[in-house]
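Counting from 1, the numbers follow the sequence of the chain as shown.
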Amino acid sequence: MTRQAVLFDLDGVLLNSGPAVRTAFASVATCATGRRTTPADLPPCALRRPRAEVLTLLGVTDPDNALARYWDGALAAALPALFPGVLTGLLALRADDAAIGVVTLQNRNRLKWWLPPALADLLDVVITPQDAPGKPAPDGPNAALAQLGVQPEHAVLVGDSPGDMAAARAAGLLALGATWGWHPPATLHTAGAHHLLPDPTLIGPSLLHHLTPIPAT
């Protein structure tokens, strides 16, 4: 039978990294300004804004330098957890012989310590901006499917941002919006999500039920 694949964005979809990123913003701002900053001080929608913009709003005068000096160390001190149900769902996909991949905007070197080992062990492919141009370009999903040997019509991409939805559609994949992530359902719908998923416990073989059934060969 033709193999199917599920590609995922990482942060906000598999990893509940929002709290860690918010803590990292506060830590970087504290180091750069010399003033105590807490996650409560972050501007609205901080997770959806460019990092440099968030730090500027927190009073950092040279945000690019602050990010280069402090960002990875701050993130490493506040590692994320997996969303509930993720490992169970991925194991079920593996049991169904579905290919599993991640297409992320995270730096590949950072993934060495950002990815929980239990998650890394279940991934057949991981594509970063060091491997292909980042989303919303379709290059990342295309590269993942090429490595997996899966055609776009046999794959879905689960993401939580407009860029994820745009990349999926441009690559010819079914776009599934993860509404538990960093962007609200209306934003994902407007960005072109074919279906919206309300809960991470839906990760599993049922994701592939949205595809046209593949005839047995």
Side-chain angles (χ1 to χ4, degrees), residues 2-18 21 45 47-50 82-86 88-90 92-94 96-106 111 115 119 122-129 131-214:
T2 303
R3 200 178 193 196
Q4 297 173 309
V6 182
L7 304 182
F8 295 93
D9 178 46
L10 183 60
D11 294 290
V13 177
L14 300 177
L15 292 183
N16 184 14
S17 51
V21 171
C45 304
L47 296 180
R48 304 176 205 160
R49 297 173 182 258
L82 292 165
F83 280 108
V86 164
T88 299
L90 295 182
L93 281 168
R94 175 63 64 85
D96 270 14
D97 197 36
I100 304 169
V102 159
V103 182
T104 178
L105 294 177
Q106 290 282 9
L111 291 183
L115 269 180
L119 173 59
L122 294 175
L123 301 178
D124 297 303
V125 63
V126 177
I127 300 296
T128 73
D131 306 304
K135 299 168 290 187
D139 304 64
N142 286 338
L145 293 184
Q147 290 194 34
L148 296 170
V150 175
Q151 296 300 310
E153 61 268 25
H154 300 154
V156 303
L157 188 150
V158 184
D160 70 327
S161 74
D164 294 329
M165 301 301 98
R169 280 184 163 270
L173 284 71
L174 199 72
L176 302 181
T179 62
W180 59 88
W182 295 5
H183 291 265
T187 299
L188 298 176
H189 176 75
T190 300
H194 292 102
H195 301 280
L196 296 177
L197 306 174
D199 192 275
T201 58
L202 293 176
I203 291 174
S206 64
L207 297 177
L208 295 169
H209 296 171
H210 297 286
L211 293 170
T212 302
I214 300 172

Non-hydrogen side-chain atoms of Val125 and Val103 separated by less than 4.5 Å = no
Criterion side chain to side chain contact (heavy atoms under 4.5 Å, CB included) on Thr88 and Thr201, from CA distance to verdict = CA-CA 8 Å; Thr88 299; Thr201 58; over 6 Å; no
Is there a side chain to side chain contact (heavy atoms under 4.5 Å, CB included) between Trp180 and Leu197 once you walk through the steps?
-> CA-CA 8 Å; Trp180 59 88; Leu197 306 174; 3.7 Å; yes
Between CG on residue Leu10 and CG on residue Leu15, distance to nearest 0.5 Å = 4.0 Å
Of the non-hydrogen atoms in Lys135 and Gly163, which two are nearest, and what is the gap between them?
-> CB-O, 3.9 Å
Chi angles and distances behind the side chain to side chain contact (heavy atoms under 4.5 Å, CB included) call for Leu90, Phe8 | CA-CA 11 Å; Leu90 295 182; Phe8 295 93; 3.6 Å; yes
Main-chain N/O of Ala186 paired to Thr190 side chain as donor or acceptor, under 3.5 Å = yes
Report yes if some heavy atom in the side chain of Ile100 is under 4.5 Å from a heavy atom in the side chain of Val6; otherwise report no.
-> no
Separation between CG of Leu176 and CG of Leu207, rounded to the nearest 0.5 Å | 6.0 Å
For residues Ala155 and Leu145, report the shortest heavy-atom separation together with the two atoms involved.
-> CB-CD2, 3.8 Å
Rounding to 0.5 Å, atoms NE2 (His195) and CG (Leu188) come to a distance of 14.0 Å
Hey, are the side chains of Val102 and Ile127 touching, using non-hydrogen atoms and a 4.5 Å cut-off?
-> no
Taking Asp96 for the side chain and Ala98 for the main chain, is one N or O donor matched with an acceptor at less than 3.5 Å?
-> no
What heavy-atom pair brings Leu157 and Ala168 nearest, and what distance separates the two atoms?
-> CB-CB, 3.8 Å
Heavy-atom distance under 4.5 Å between the side chains of Val158 and Leu7, does that happen here?
-> no
Test item: Arg3 side-chain N/O and Asp97 main-chain N/O as donor-acceptor pair under 3.5 Å = yes
Decide yes or no for Val21 and Leu47: does some side-chain heavy atom of the first lie under 4.5 Å from some side-chain heavy atom of the second?
-> yes
Nearest 0.5 Å, what's the CD-OG distance between Gln106 and Ser17?
-> 7.0 Å
Which heavy atom of Thr104 sits nearest a heavy atom of Pro129, and at what distance?
-> O-CD, 3.2 Å
Please round to the nearest 0.5 Å and tell me the distance separating atom OG1 of Thr128 and atom CG of Leu105.
-> 9.5 Å
May I ask you to check whether over 12 heavy atoms, not counting those of His194, lie within 6.0 Å of atom NE2?
-> yes
Going by heavy atoms in the side chains, are Leu211 and Val156 under 4.5 Å from each other?
-> yes
Which of Asp11, Val13, Asp9 passes side-chain contact (heavy atoms from CB on, under 4.5 Å) with Trp182? It is Asp11
Taking all non-hydrogen atoms of both residues into account, name the closest pair between Met165 and Ala193 and its distance.
-> SD-CB, 3.5 Å
Between Gln147 and Val126, does a side chain to side chain contact (heavy atoms under 4.5 Å, CB included) hold up when you go through it step by step?
-> CA-CA 10 Å; Gln147 290 194 34; Val126 177; over 6 Å; no
Note: Arg94 and Leu122 closest approach over all heavy atoms is NH2-O, 2.7 Å
Any Gln4 side-chain heavy atom under 4.5 Å of Leu93 side chain = no
